Every structure is written in structure tokens, then in C-alpha cells.
K.L.:
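Sending over a structure as C-alpha cells; questions will come in a sec.
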Amino acid sequence: MSDAPQKTEGRNATEAAPQALKPLAWGLLPAEWKAACSEFRQPVFRAKQIWKWLQQRRVISWDAMTDIPSALRDRLAERYDITAWADDAYEQSADDGVRKLLLGCRDGVRIESVIIPARDQCTVCISTQAGCAFGCAFCATGKCGFERNLETGEIVGQFIAAAAIAPRRLTHIVFMGMGEPFANYDNVLKAVRILNDFDGIAIGARRMTLSTCGVVPGIERLATENLQVELSVSLHAPNDELRSKIMPVNKRWPMAQLMAACDNYTRTTGRVITFEYTLVDGLNNLPEHADRLIELIKPMRGRVNLIPLSPVEHFDGVAPDMESCEAFARRLQKAAINVTLRRSKGKGVTAACGQLRLSRLAAAASAQIPVSDL
Ligand code: SAH
Ligand code: SF4
């Protein structure tokens, strides 16, 4: 079977409204619906009805809310937009079922999400910003620069759009698409709470992973949230010199500060951090790199995900061969570090989309090769 992507067009584009955009209904918390209902002099149970229509039945028209009085529906329609997307389309990889969703926001900005089915789970990789300002050398999103933060409703809306075309129920969410989640902290954390709500989409916090390039204030703040979400830190190098070369964020928050924040996070929350480490041949995959990495993360019981570099045009580096990746993994494992090496998924759809090919980082268990199985 060919692994060429199949392209499926969605709804046709409609022009974004020229006037200021209304807030998105998907971005409100239950308490905000209660406040809105009381402002509209409605009984409080209306808030729950609206919530269920939006988050459980996921209707995209106010008129579909048949148990809501039409006068209230009109007022809601005046104030909120019920869908975030002016258009959508998706591409499917024929070989492994990975789907890349392309979403046009109301202002014309385009973002991407990826659906990764794997065995009994199905993960969606979600964007938190259009573009990214952090400019990591090996990242296609970073290369394109920053457009804007996504609204909470646009983050939740990606899940809803993905759920509508996913081959089965979505079970996991990783915030590893375009952008840096902690550079859009408030909107992302609000989205996590909406996605987690038991009466709505109800994805367990432990099934959501936030990934940061090392924005220390974000790690510090997350430690105080009392949330069970998973945290990944993209490390990619075990010393300041190398890390600053490939990740400009390291000049702002050097490794001593980053590791102190990670250590504090682990102590405060009791949660283990996963360190993402993209292997680039000859750059960061030598035995001394592995040894330094062990020294850094062992005291905080950190896990490591090794990811062979996905080629990007503007970055002059290649992935090491599998043997060398395995050798690096085994060195960590011998030091009793919990390590996984990831296989690429979704090549058919990701070839064109730069960094989102990396959504495999996110992926579910079957995309992981425990080192013991290598
Ligand atoms: N901004 C966040 C989350 C999005 S990037 C972060 O940096 O963590 C998601 C992951 O993809 C990060 O670990 C990032 O370093 C990794 N990544 C980006 N480009 C890559 C590439 N070409 N090959 C392998 N991993 C890459
Ligand atoms: Fe931004 Fe993450 Fe890409 Fe770095 S790796 S440029 S932080 S999206």
C-alpha cells in the first residue's frame, strides 16, 4: 500500500468576520457559564445544559440546543462564537493511520494537530501557539517565527475537531504541536481544566502531557497548580555550551536554573519529569553526553525519551543510525535510568509539516521501544 498522504477537504473557507471576533464558547469554564447565565437572568441549571451541548454533544450551532429557550440562544449567539474554525482539512497517512488536521482560525491563521492511533489508545497532538518565538535550531515551527497565542477555545477546539475525525475515541492529549505551552500559560492551563472536566470531555489529567523547551517560570508555576498532568522538558543537550547553541532559550534560563526548577517540581509534586532528548549524530550522542545526562537527571529520578532527529531543511544535522541510538539508550539504562527510544510514526503525513512530524513524541505506548526490547 502506498504511504502517500490522502487529502480530504473539509468545509469550505468562509471569510473571517471583519469586526472584532467574539469569544469562543469552547473556551469558557463551567463557572463562567454560570456567571453568564446569571447575567442573562437564567436559572443556574442552564449553565450545565449549555456545557453538555458544547462539550459532550459538541454541537456547532446554537439552534441545535433544543432545550435552551430561543431567546437565550439568540443572546448566546450574539455574544459567543460556537466554532473556532473558518475551514478545515486533513491528510491521512495510509501506512499507519496517523492523521494531520489543518485548521484555519477565524482570522486566517492556520494551525495543525495530529491524531496518532496506537493499539488501544489514540493520542492527539495539539498546538498551543501559531508559530513559536523560541527558534530552536532543529525545529521547523521555530524557523517560521511567531504569529500569535492561541485562545483557550482554539486549543479545546482542536480536540473537538480531532475527535470528529479520529478512527476511535481519543484517550490522550499531548501539547507538543506548534508553539511553547508555557509562553501561553493561562490559555493552555484553562484548556487543560476544560478538557479534564468530568461532565465534559473528561480526559484524565494524567493522560495529558505538557512539553516545554525550558521556560523556568512556567515549570515553577505548574508546580503550584495541584494538577496531575505529565510534564516533559525538552533538554536535547547535557551542557550549557551545546544547549545554547541549539536552543536559544538556554541563554535566558541556563541549565543550572532549569535543573533546579525541575528538581523543585519533582519534590513539590512527587511527579517524575520526562526529558526529551533529540539525538543528532556527532552533536549530542557521544558517551560523555550520556554520562552527563545521567548525572543531571538521576537525582530527580527523571525519565528520558530519546528521539532520533527528524530531518529539517534548515538544520545541518542528521539522526544517528539505529545502532548508535540504541547504544546511547543502553548507556542510560545501565545507569538505571528509565529510557525509551521512539520510532517515527506518520511519515506519510508529516513530511510536509515540519515540526509536527514530532508528534510521535507524544505517541502512545506502541510507538515506544523499551530499551530492554531493543
Ligand atoms: N515547544 C515545546 C513543545 C512543542 S515541540 C517544546 O519545545 O518542548 C515538541 C517536541 O518536538 C520538543 O521536544 C522539540 O524539541 C521536538 N522537536 C522539534 N523539532 C524536532 C526535530 N526536527 N526532530 C526531533 N524532535 C524535534
Ligand atoms: Fe518552539 Fe518547541 Fe520548536 Fe523550540 S522545539 S522552536 S520551543 S516549538
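Bear in mind that the values here come from a model prediction, so they are computed numbers and not experimental data. The first residue in the sequence is number 1, and the count goes up from there. Counting starts at 1 for both ligands and their atoms, in listed order.
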K.L.:
Side chains of M176 and E276, heavy atoms from C-beta outward: is any pair under 4.5 Å?
P.N.:
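The answer is yes; the side chains approach within 4.5 Å.
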K.L.:
Using a strict 4.0 Å threshold on nitrogen-to-oxygen distance, state whether R331 and D291 make a salt bridge.
P.N.:
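Answer for the salt bridge query: yes.
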K.L.:
Output the list of atoms in ligand 1 that are nearer than 4.0 Å to some heavy atom of T212, sorted by atom number.
P.N.:
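Answer for ligand 1: 6 (C), 8 (O).
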K.L.:
Taking 4.0 angstrom as the limit and counting only heavy atoms of F134, give me the atoms of ligand 2 inside it, by number and element.
P.N.:
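Heavy-atom distances to F134 below 4.0 Å select 7 (S).
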K.L.:
Find all atoms of ligand 1 within a distance of less than 4.0 Å from any non-hydrogen atom belonging to C213, and give their numbers and elements.
P.N.:
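So the atoms of ligand 1 that pass are 6 (C), 7 (O), 8 (O).
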K.L.:
Would you kindly specify which portion of V233 sits under 4.0 Å from ligand 1, judged on non-hydrogen atoms: side chain, backbone, both or neither?
P.N.:
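Near ligand 1, V233 shows nothing, with every heavy atom at 4.0 Å or more.
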K.L.:
Would you check if atom 1 (Fe) of ligand 2 lies under 2.8 Å from any N, O or S atom of C136?
P.N.:
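For C136, the answer is no, given that no N, O or S atom comes within less than 2.8 Å of atom 1 (Fe) of ligand 2.
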K.L.:
Do you see an N/O/S atom of C139, backbone or side chain, under 2.8 Å from atom 3 (Fe) of ligand 2?
P.N.:
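For C139, the answer is yes, given that an N, O or S atom comes within less than 2.8 Å of atom 3 (Fe) of ligand 2.
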K.L.:
Side chain or backbone, does F138 bring an N or O within less than 3.5 Å of an N or O on ligand 1?
P.N.:
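Checking ligand 1 against F138, an N or O pair does fall under 3.5 Å apart.
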K.L.:
Should you measure from each heavy atom of L309, which atoms of ligand 1 turn up under 4.0 Å away?
P.N.:
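By the 4.0 Å cutoff, the relevant atoms are 21 (C), 22 (N), 23 (N).
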K.L.:
Counting each atom of ligand 2 from 1 as listed, which ones have a heavy atom of G135 under 4.0 Å away?
P.N.:
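Matching atoms, with element in brackets: 6 (S).
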K.L.:
Report the C-alpha separation of S324 and D281 in whole Å, then their side-chain angles, then the decisive distance to 0.1 Å, and conclude whether the side-chain hydrogen bond (donor to acceptor under 3.5 Å, both in side chains) test is met.
P.N.:
CA-CA 9 Å; S324 155; D281 198 31; 4.6 Å; no
K.L.:
Counting each atom of ligand 1 from 1 as listed, which ones have a heavy atom of S234 under 4.0 Å away?
P.N.:
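Counting from 1, the qualifying ligand atoms are 6 (C), 7 (O), 8 (O), 12 (C), 13 (O), 15 (O).
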K.L.:
Mind checking whether Y80 and I82 sit in one hydrophobic cluster, side chains of I, L, V, M, F, W, Y counted as touching below 4.5 Å?
P.N.:
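Shared cluster, yes.
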K.L.:
Under a 3.5 Å cutoff, is there a donor and acceptor pairing between the side chains of Q333 and R330?
P.N.:
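Per modelled atom types, Q333 and R330 side chains form no pair under 3.5 Å.
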K.L.:
Checking contacts here: is it the side chain or the backbone of T278 that comes within 4.0 Å of ligand 1, counting heavy atoms only? Could be both or neither.
P.N.:
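Just the side chain.
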K.L.:
Is it true that P311 lies under 4.0 Å from ligand 1, counting heavy atoms only?
P.N.:
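Under 4.0 Å: no for P311.
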K.L.:
Using heavy-atom distances, let me know which of G179, S211, C132, A183 sits nearest atom 1 (N) of ligand 1.
P.N.:
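Answer by nearest heavy atom: G179.
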K.L.:
Which of the numbered atoms in ligand 2 are below 4.0 angstrom from a heavy atom of G142?
P.N.:
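Counting atoms of ligand 2 from 1, those under 4.0 Å from G142 are 6 (S).
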K.L.:
Taking the side chain as everything from C-beta on, heavy atoms only, tell me whether L150 gets closer than 4.5 Å to M178.
P.N.:
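Not in contact.
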K.L.:
Which ligand 1 atoms, with their elements, are less than 4.0 angstrom from a heavy-atom of G177?
P.N.:
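Going through ligand 1 atom by atom, the ones under 4.0 Å from G177 are 4 (C).
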K.L.:
Examine F138 together with H236 and report whether their ring centres are nearer than 6.0 Å.
P.N.:
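For F138 and H236, the ring centres are under 6.0 Å apart.
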K.L.:
Determine whether W85 and Q158 make a side-chain contact, defined as any pair of heavy atoms from C-beta on separated by less than 4.5 Å.
P.N.:
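Yes, close enough: below the 4.5 Å cut-off.
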K.L.:
Salt-bridge test for E225 and R193: reply yes if a basic N is under 4.0 Å from a carboxylate O, no otherwise.
P.N.:
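Salt bridge present between E225 and R193.
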K.L.:
Nearest non-hydrogen atom to atom 15 (O) of ligand 1 belongs to which of M247, K143, E276, H236?
P.N.:
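Ranked by closest heavy atom to atom 15 (O) of ligand 1, first place is H236.
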K.L.:
Does this structure show an ion pair linking K22 with E78, if we count only N-O contacts that are shorter than 4.0 Å?
P.N.:
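A salt bridge is absent here (no side-chain N lies under 4.0 Å from a carboxylate O).
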K.L.:
Using a strict cut-off of 4.0 Å, indicate which atoms of ligand 2 neighbour a heavy atom of G179.
P.N.:
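That gives atoms 8 (S) of ligand 2.
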K.L.:
Is D263 salt-bridged to R267, going by a charged N under 4.0 Å from an acidic O?
P.N.:
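The answer is yes: the pair qualifies as a salt bridge.
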K.L.:
Under 4.0 Å, heavy-atom basis, I'd like to know which part of C213 is in contact with ligand 2: side chain, backbone, both or neither.
P.N.:
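Under 4.0 Å from ligand 2, C213 contributes side-chain atoms alone.
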